[in-house]
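When a ligand or atom number is given, it counts from 1 through the structure's own listing order. Quick caveat, the model's predicted, so the values are computed rather than measured.
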Amino acid sequence: MGYDPQNIFAKILRGEIPCDKVFENEHALAFKDIQPKAPVHVLIIPKGAYLSSSDFSEKASAEEIAGFMRAIHAVADKTGVIGEGYRLIANTGAHGLQEVPHFHVHLVGGKPLGAMLPSAR
Ligand code: 5GP
């Protein structure tokens, strides 16, 4: 399956759909999740057309990867979660329950987040 340029995050990147922007650099955009699961819940997405974490880490340039990781830090800094800690989540593919087929990392924090997963089975 190829990249679908009509996915919702591609539309946000093109400015066709609004977002509540938190941070932007040359290679990444960060905005608040529309259905927050924690007091801080920000999505960080690359500006390039990458389907998933695997697609991005395999194909993105070193500059894109660096810009993306710097954006994660900038969001953590800007939202004030570095001191108390936070969690990064990259749902990938069917088993990961990825809903939007444009690579994104969720940054969640602002309260104790509990166990990472309910069970190992
Ligand atoms: P996934 O399950 O793919 O990791 O997460 C997709 C996330 O995108 C969900 O947390 C969902 O709330 C968020 N989302 C879906 N549509 C929109 C939208 O139009 N705007 C924003 N800001 N977030 C969205």
Side-chain angles (χ1 to χ4, degrees):
M1 191 184 81
Y3 180 84
D4 173 12
Q6 293 311 315
N7 79 74
I8 200 96
F9 293 171
K11 289 180 179 176
I12 286 175
L13 279 169
R14 290 195 296 267
E16 294 166 14
I17 290 177
C19 72
D20 193 348
K21 183 161 86 173
V22 175
F23 178 80
E24 181 172 15
N25 66 19
E26 188 186 347
H27 295 296
L29 174 68
F31 50 89
K32 292 184 182 175
D33 196 291
I34 206 167
Q35 290 187 294
K37 303 285 196 301
V40 174
H41 187 169
V42 178
L43 300 168
I44 301 107
I45 72 174
K47 290 187 173 175
Y50 298 102
L51 259 170
S52 67
S53 171
S54 300
D55 194 32
F56 181 72
S57 51
E58 182 189 2
K59 295 176 189 157
S61 68
E63 289 75 19
E64 288 176 292
I65 292 170
F68 185 75
M69 295 307 293
R70 297 284 192 217
I72 291 176
H73 172 72
V75 170
D77 191 29
K78 212 166 175 181
T79 55
V81 297
I82 290 177
E84 298 289 342
Y86 58 96
R87 186 172 290 160
L88 302 175
I89 301 167
N91 296 322
T92 305
H95 281 194
L97 294 183
Q98 180 178 357
E99 288 170 21
V100 179
H102 180 110
F103 173 47
H104 52 282
V105 165
H106 299 249
L107 186 153
V108 288
K111 67 170 188 182
L113 296 167
M116 187 173 68
L117 292 171
S119 149
R121 292 183 204 196

- [ ] Take atom NZ of Lys47 as the centre, draw a 6.0 Å sphere, and report whether it contains more than 12 heavy atoms from other residues, nucleotides or ligands.
- [x]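 Buried by this count: over 12 neighbours within 6.0 Å.
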Let me check something: any side-chain donor-acceptor pairs from residues 69-86 under 3.5 Å, sequence neighbours excluded? List them with distances.
unit_1, atom_1, unit_2, atom_2, d
Lys78, NZ, Val22, O, 2.8
Thr79, OG1, Val75, O, 2.7
Thr79, OG1, Ala76, O, 3.4

Open item on the list: So, using salt bridge (Lys or Arg N to Asp or Glu O under 4.0 Å) as the criterion, who are the partners of Asp33 when residues are at least two apart?
Closed with: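 Listed in chain order: nothing, the list is empty.
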Task: Partner set under salt bridge (Lys or Arg N to Asp or Glu O under 4.0 Å) for Lys11, not counting sequence neighbours - done: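 For Lys11, no residue satisfies salt bridge (Lys or Arg N to Asp or Glu O under 4.0 Å) once neighbours in sequence are set aside.
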TODO: Sort out the contact shell of ligand 1: every protein residue with a heavy-atom distance below 4.0 Å, listed by chain and number.
DONE: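 Ligand 1 is contacted, at a heavy-atom distance under 4.0 Å, by Ile8, Phe9, Ile12, Phe31, Lys32, Asp33, Ile34, Gln35, Leu43, Asn91, Leu97, Gln98, Glu99, Val100, His104, His106.
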Open item on the list: Can you tell me how the ring of Phe9 sits relative to the ring of His102, calling it parallel under 30°, perpendicular over 60° and tilted otherwise?
Closed with: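 Aromatic pair Phe9/His102 classed perpendicular.
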Task: Leu51 backbone acceptor or donor facing Gln98 side chain under 3.5 Å - done: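 Yes: the side chain of Gln98 pairs with the backbone of Leu51.
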